[in-house]
Amino acid sequence: MSFSLVVPAELAATHRRVFGSAEWIDALPRLAGQRVAAWDLRLDGAPRHGMVALVLPVLRADGTPAVLKLQPVTDDTVGEPVGLRAWAGRGAVRLLEHDPASGSMLLERLQPRSLADVDDDLAALRLLSELLARLSALPAPTGLRRLADIAAAMLTQLDRACARLADPGQQRLLRHCAGAVADLLDEPGDQLLHWDLHYENVLAGQREPWLAIDPQPMAGDPGFELLPALDNRWDDIVATGDITAAVRRRFAVLVETLGLDRQRAAGWTLGRVLQNCLWDIDDGATTLDAVQVAIAQALVPLGP
């Protein structure tokens with residue numbers, strides 16, 4: 001059966017910008033054709049893509065719907081099949097096939113509806129919190145990135161990052177976040193973390209109402225998982241008229257549902273703020289993102 005694929009222009013542009021090369025994009029049509037043939041698949045809809053991955057709706061030989069996910073093997077993606085195998089479909093999309101050489105995965109097909117489509121912000125948050133609790137209840141398999149290493153590396157970047165910030169107040173805030181991480185560094189945890197569980201990474205399923213997708217797994221403390229649930233659907237936070245109270249309300253739901261120590265969870269969430277800010281500064285920012293600042297200011301009194 002002949003196979004042809006036109007790579008979406010936006011995905012190609014993103015890859016050139018992020019990776020500085022078109023090599024993987026240029027090879028993508030051939031890779032897709034190889035996987036379609038190897039796994040005896042038929043295309044069943046238009047391609048979709050995110051920042052990195054191309055997703056092709058397909059049918060298996062027996063007619064079962066699935067999706068073929070194609071993405072480069074990087075530090076961020078290499079752990080995805082490891083996490084999915086550990087969860088084995090419990091709260092997460094089921095991994096059907098995996099080609100380690102290319103990083104390609106065949107996944108069960110979910111519905112195109114996410115928690116971002118749930119109108120009630122609190123209801124969506126509770127669903128996300130319950131899913132986080134299930135996913136992080138497992139010990140991390142060996143071979144994943146470790147929060148201990150990531151956190152230690154962040155601390156080595158602090159002085160250089162602060163030197164690039166123009167506002168002394170923001171320098172102090174960043175140092176406070178780093179101090180919270182330093183206080184927790186001796187107990188980084190060893191649970192299986194999704195690391196990127198925001199509302200659009202939870203899709204409706206059939207065998208379970210909601211399932212997580214697109215993990216970037218690591219081993220660590222579940223408190224490091226909370227920030228995406230705090231800064232996603234930010235318009236809902238703003239609409240309350242009291243950003244600090246709304247952030248703390250979300251944080252309280254997460255901590256209660258996951259059964260976390262509030263102070264530790266606040267400290268590790270400040271660590272995620274630090275991580276996001278370091279990335280922004282590496283990209284040339286000289287001021288901190290306003291949303292990250294608002295979250296940090298809301299949680300500083302709760303942390304270590």
**OP:** Please name the pair of heavy atoms, one in L270 and one in A296, separated by the smallest distance, quoted to 0.1 Å.
**Re:** CD2-CA, 3.7 Å
Original post:
Quick one: does R134's side chain have a donor or acceptor within less than 3.5 Å of a partner on S129's backbone?
Top reply: no
**OP:** Evaluate salt bridge (charged side-chain N to carboxylate O under 4.0 Å, His left out) for R126 paired with D120, printing each intermediate quantity in order.
**Re:** CA-CA 10 Å; R126 290 193 183 283; D120 186 325; over 6 Å; no
**OP:** Could you grab the distance from atom CG of L115 to atom CG of N232, nearest 0.5 Å is fine?
**Re:** 10.0 Å
Subject >> Trace of the side-chain contact (heavy atoms from CB on, under 4.5 Å) decision for H194 with M218 >> reply: CA-CA 7 Å; H194 180 289; M218 69 172 63; over 6 Å; no
Subject >> Hphob cluster co-occupancy, L144 + V78, side-chain heavy atoms under 4.5 angstrom >> reply: no
Original post:
Going by an N to O cut-off under 4.0 Å, is there a salt bridge joining R35 and D40?
Top reply: no
**OP:** Heavy atoms only: give me the nearest A86-L138 pair and the separation to one decimal.
**Re:** O-CD2, 3.3 Å
Original post:
Would you call D159-R164 a salt bridge at under 4.0 Å N-O?
Top reply: no
Original post:
So how far is it from C277 SG to Q170 CD, rounded to the nearest 0.5 Å?
Top reply: 8.0 Å
Subject >> Test salt bridge (Lys or Arg N to Asp or Glu O under 4.0 Å) applied to D221 and R146, R264, R272, the passing residue >> reply: R264
**OP:** Apply salt bridge (Lys or Arg N to Asp or Glu O under 4.0 Å) to D183 and list each qualifying residue two or more places apart in sequence or on a separate chain.
**Re:** none
**OP:** Using only heavy-atom distances, determine whether the side chains of R233 and H198 contain a donor-acceptor pair under 3.5 Å.
**Re:** no
Original post:
Ignoring hydrogens and geometry, is there a side-chain-to-backbone donor-acceptor pair from Q171 to C162 under 3.5 Å?
Top reply: yes
**OP:** With sequence neighbours excluded, tell me which residues meet salt bridge (Lys or Arg N to Asp or Glu O under 4.0 Å) with R94.
**Re:** none
Original post:
How about R160: does its CZ atom have over 12 heavy atoms from other parts shown lying under 6.0 Å from it?
Top reply: yes
**OP:** Kindly give the heavy-atom pair with the smallest separation between G79 and P217, and that separation in Å.
**Re:** O-CG, 3.4 Å
**OP:** Without swapping roles, check the side chain of D117 against the backbone of S114 for a donor-acceptor pair under 3.5 Å.
**Re:** yes
Subject >> E256 atom CD: more than 12 heavy-atom contacts under 6.0 Å >> reply: no
**OP:** Output yes when a side-chain donor or acceptor of H15 lies under 3.5 Å from a complementary backbone atom of E10, and no otherwise.
**Re:** no
**OP:** Kindly compute the distance separating CG (L185) from CG (L147), expressed to the nearest 0.5 Å.
**Re:** 8.5 Å
Subject >> From I295 atom CD1 to I243 atom CD1, the distance as rounded to the nearest 0.5 Å >> reply: 9.5 Å
Subject >> Heavy-atom pair with the smallest gap, counting every atom of V181 and G271 >> reply: CG2-CA, 3.4 Å
**OP:** Write out all pairs satisfying ring-ring contact (aromatic ring centres under 6.0 Å, His included) with one or both partners inside residues 276-304, taking only residues at least two apart or from two chains.
**Re:** W195-W279
Original post:
If you draw a 6.0 Å radius around CD in E200, do more than 12 non-hydrogen atoms from other residues or ligands fall strictly inside?
Top reply: no
Original post:
Are V82 and L106 connected, step by step, through hydrophobic side chains (Ile, Leu, Val, Met, Phe, Trp, Tyr) whose heavy atoms are closer than 4.5 Å?
Top reply: no
Original post:
Where the side chain of Q191 meets the backbone of A137, is there a donor-acceptor pair that is under 3.5 Å apart?
Top reply: yes
Original post:
Can you list every side-chain hydrogen bond (donor to acceptor under 3.5 Å, both in side chains) pair that touches residues 67-84, not counting sequence neighbours?
Top reply: K69-E80, K69-D214, Q71-E80, T74-T77, D76-R145
Original post:
Do the side chain of R248 and the main chain of A298 share a donor and acceptor less than 3.5 angstrom apart?
Top reply: yes
Original post:
What are the two closest non-hydrogen atoms of Y199 and A229, and how far apart are they?
Top reply: OH-O, 3.8 Å
Subject >> Single-linkage hydrophobic cluster, 4.5 Å side-chain cutoff, L5 and V67 together >> reply: no
Original post:
Can you name the nearest heavy-atom pair linking L131 to G91, along with the distance?
Top reply: CD1-O, 3.3 Å
Original post:
Do L155 and V273 share a hydrophobic cluster, counting only Ile, Leu, Val, Met, Phe, Trp and Tyr and linking them when any side-chain heavy atoms are less than 4.5 Å apart?
Top reply: yes
Subject >> Backbone of I237 reached by a side-chain donor or acceptor of T240 within 3.5 Å >> reply: yes
Subject >> Qualifying residues under salt bridge (Lys or Arg N to Asp or Glu O under 4.0 Å), relative to R90, sequence neighbours excluded >> reply: none
Subject >> In one Ile/Leu/Val/Met/Phe/Trp/Tyr side-chain cluster, 4.5 Å: V18, I281 >> reply: no
**OP:** Nearest 0.5 Å please: distance from the CZ atom of R250 over to the CG atom of D121.
**Re:** 4.5 Å
Subject >> Test item: Q157 side-chain N/O and A153 main-chain N/O as donor-acceptor pair under 3.5 Å >> reply: yes
**OP:** Report the relative orientation of the aromatic rings in F224 and W268; use parallel for angles under 30°, tilted for 30 to 60°, perpendicular for over 60°.
**Re:** perpendicular
**OP:** Answer yes or no: is there a donor N or O on one side and an acceptor on the other, between the side chain of E225 and the main chain of L193, under 3.5 Å?
**Re:** no
Review item, side-chain donor-acceptor pairs of residues 48-62, under 3.5 Å, at least two apart:
residue: D62; atom: OD1; partner: T64; partner atom: N; Å: 3.0
residue: D62; atom: OD1; partner: T64; partner atom: OG1; Å: 2.7
residue: D62; atom: OD2; partner: T64; partner atom: OG1; Å: 3.2

**OP:** Find the distance between OG1 (T269) and CG (L227) and round it off to the nearest 0.5 Å.
**Re:** 6.5 Å
Original post:
Between R207 (side chain) and G89 (backbone), is there a donor-acceptor pair under 3.5 Å?
Top reply: yes
